[in-house]
**Q** 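Below are the structure tokens for one structure; questions will follow.
What's counted below: heavy atoms across the whole structure, side chains too, no hydrogens, waters or symmetry copies.
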Amino acid sequence: MSFKPSVYVIGGGMITRIQLLPSIYHMQREGLVGDIHVCALNAGPLRDIQNDQTLQKAFPGQSFIPHPDPAKVSDDEMFPDLNKKLFANAPAGSIAVIAVPDQVHYPILKQAIEHGLHVCIVKPLVLEHKQAEEIAQLAY
């Protein structure tokens, strides 16, 4: 496989830390994906993930590109629209992995589709049937 899609994980919580990132690291180790980006509202959760000893031991030498970068911003500074910039600059064929609170699935999912990204999202897809219908039309 010559093309390796970049992965953009939106959400820096527990699901990302203990389920998604290990799976994506393994896919990267197997040569299935390229760069891994993780985006959160602020830098604190990303710093915690970067310093996770279990991940470091299980995946030596592997890391992700944090957005925002904990080395450049304070932990309490908020970046609610950072995922929009990431999606806008993502290479064609990239993958958006969305793991945020349920009530914000819809707008982030919609943004990912509008930027032509492949999408993987934790359940539920959205909270309202009409949103699911709209997403289906956009994706089609």
Side-chain angles (χ1 to χ4, degrees):
M1 173 184 241
S2 59
F3 172 71
K4 295 179 185 167
S6 295
V7 178
Y8 293 84
V9 179
I10 309 302
M14 178 191 69
I15 296 300
T16 295
R17 185 177 189 167
I18 66 171
Q19 289 182 325
L20 299 175
L21 197 54
S23 297
I24 297 167
Y25 275 162
H26 183 69
M27 290 190 310
Q28 187 183 52
R29 182 188 283 171
E30 294 293 317
L32 300 173
V33 300
D35 292 337
I36 301 168
H37 301 257
V38 180
C39 179
L41 284 175
N42 59 12
L46 301 177
R47 181 186 322 281
D48 293 344
I49 296 171
Q50 286 178 319
N51 295 328
D52 186 301
Q53 295 297 312
T54 302
L55 283 173
Q56 291 175 6
K57 184 177 179 182
F59 301 96
Q62 286 183 266
S63 62
F64 61 90
I65 302 164
H67 303 278
D69 187 343
K72 297 180 180 177
V73 300
S74 67
D75 285 357
D76 59 347
E77 191 173 353
M78 301 298 272
F79 298 87
D81 294 325
L82 189 54
N83 63 292
K84 292 178 187 177
K85 294 177 186 173
L86 292 175
F87 289 167
N89 294 315
S94 294
I95 303 166
V97 178
I98 302 170
V100 296
D102 296 351
Q103 66 272 18
V104 290
H105 282 194
Y106 173 72
I108 295 174
L109 175 57
K110 190 173 173 181
Q111 292 161 10
I113 291 171
E114 288 170 347
H115 284 94
L117 303 178
H118 299 285
V119 179
C120 178
I121 188 167
V122 298
K123 67 180 182 173
L125 179 69
V126 291
L127 296 179
E128 298 178 20
H129 180 264
K130 67 181 179 180
Q131 293 172 335
E133 291 293 329
E134 181 183 353
I135 291 300
Q137 290 299 314
L138 283 171
Y140 183 74

**Q** Between atom CG of Leu46 and atom CD1 of Ile65, what is the distance when rounded to the nearest 0.5 Å?
**A** 12.0 Å
**Q** Side-chain heavy atoms under 4.5 angstrom apart, residues restricted to Ile, Leu, Val, Met, Phe, Trp, Tyr: same cluster for Ile113 and Val104?
**A** yes
**Q** Which atom pair, heavy atoms only, marks the closest approach of Arg29 to Pro60?
**A** NH2-CD, 4.2 Å
**Q** Test your reading of the model: is there a side-chain donor-acceptor pair from Asn42 to the backbone of Asp75, 3.5 Å cut-off?
**A** yes
**Q** Do you know which of Ile24, Ile15, Val100 makes side chain to side chain contact (heavy atoms under 4.5 Å, CB included) with Val9?
**A** Ile24
**Q** Under a 4.5 Å side-chain heavy-atom rule over Ile, Leu, Val, Met, Phe, Trp and Tyr, are Ile108 and Leu127 clustered together?
**A** no
**Q** Just how far is it from atom CG of Leu138 to atom CD of Glu133, taken to the nearest 0.5 Å?
**A** 11.5 Å
**Q** Using every non-hydrogen atom in the two residues, find where Lys110 and Glu134 come nearest and quote the distance to one decimal.
**A** NZ-OE2, 3.0 Å
**Q** Kindly indicate, with the supporting measurements, whether the criterion side-chain contact (heavy atoms from CB on, under 4.5 Å) is fulfilled by His105 and Val122.
**A** CA-CA 9 Å; His105 282 194; Val122 298; 3.8 Å; yes
**Q** Distance only, no hydrogens: is a donor on one side chain within 3.5 Å (strictly under) of an acceptor on the other, for Tyr106 and Glu128?
**A** no
**Q** Say you draw a straight line from CG of Leu55 to CD1 of Ile49; how long is it, rounded to the nearest 0.5 Å?
**A** 8.0 Å
**Q** Can you tell me how far apart SG (Cys39) and OH (Tyr8) are? Round to the nearest 0.5 Å.
**A** 11.0 Å
**Q** Which heavy atom of Gln28 sits nearest a heavy atom of Asp35, and at what distance?
**A** NE2-CA, 4.3 Å
**Q** What heavy-atom pair brings Ile95 and Pro5 nearest, and what distance separates the two atoms?
**A** CD1-CG, 3.9 Å
**Q** If you measure from CG on Leu109 to CD on Glu114, what distance do you get to the nearest 0.5 Å?
**A** 9.5 Å
**Q** Look only at the side chain of Gln62 and the backbone of Tyr25, and say whether a donor-acceptor pair between them is shorter than 3.5 Å.
**A** yes
**Q** Do you know the tightest heavy-atom contact between Leu21 and Phe64?
**A** CD2-CD2, 3.8 Å
**Q** In a check of side chain to side chain contact (heavy atoms under 4.5 Å, CB included) between Gln111 and each of Leu86, Asp81, Asn83, Leu117, which one passes?
**A** Asn83
**Q** As an exercise, state the distance from CG of Leu125 to CG of Asp102, rounded to the nearest 0.5 Å.
**A** 10.5 Å
**Q** State plainly whether one hydrophobic cluster holds both Ile36 and Met27, where clusters connect Ile, Leu, Val, Met, Phe, Trp and Tyr through side-chain heavy atoms under 4.5 angstrom apart.
**A** yes
**Q** Where is the tightest heavy-atom contact between Val73 and Pro68, given as atom of each residue plus distance?
**A** CG2-CB, 3.8 Å
**Q** Has the side chain of Gln56 got a donor or acceptor atom that lies under 3.5 Å from a matching backbone atom of Gln50?
**A** yes
**Q** Would you please classify the geometry between the Phe87 ring and the His115 ring as parallel, tilted or perpendicular, with 30° and 60° separating the classes?
**A** tilted
**Q** Would you say CE of Met14 has more than 12 non-hydrogen atoms from neighbouring residues, nucleotides or ligands within 6.0 angstrom?
**A** no
**Q** Closer than 3.5 angstrom, by distance alone: can the side chain of His37 be matched with the main-chain N or O of Ser6 as a donor-acceptor pair?
**A** no
**Q** With a 4.5 Å cut-off on side-chain heavy-atom distances among I, L, V, M, F, W and Y, is there a chain of contacts connecting Val38 to Leu32?
**A** yes
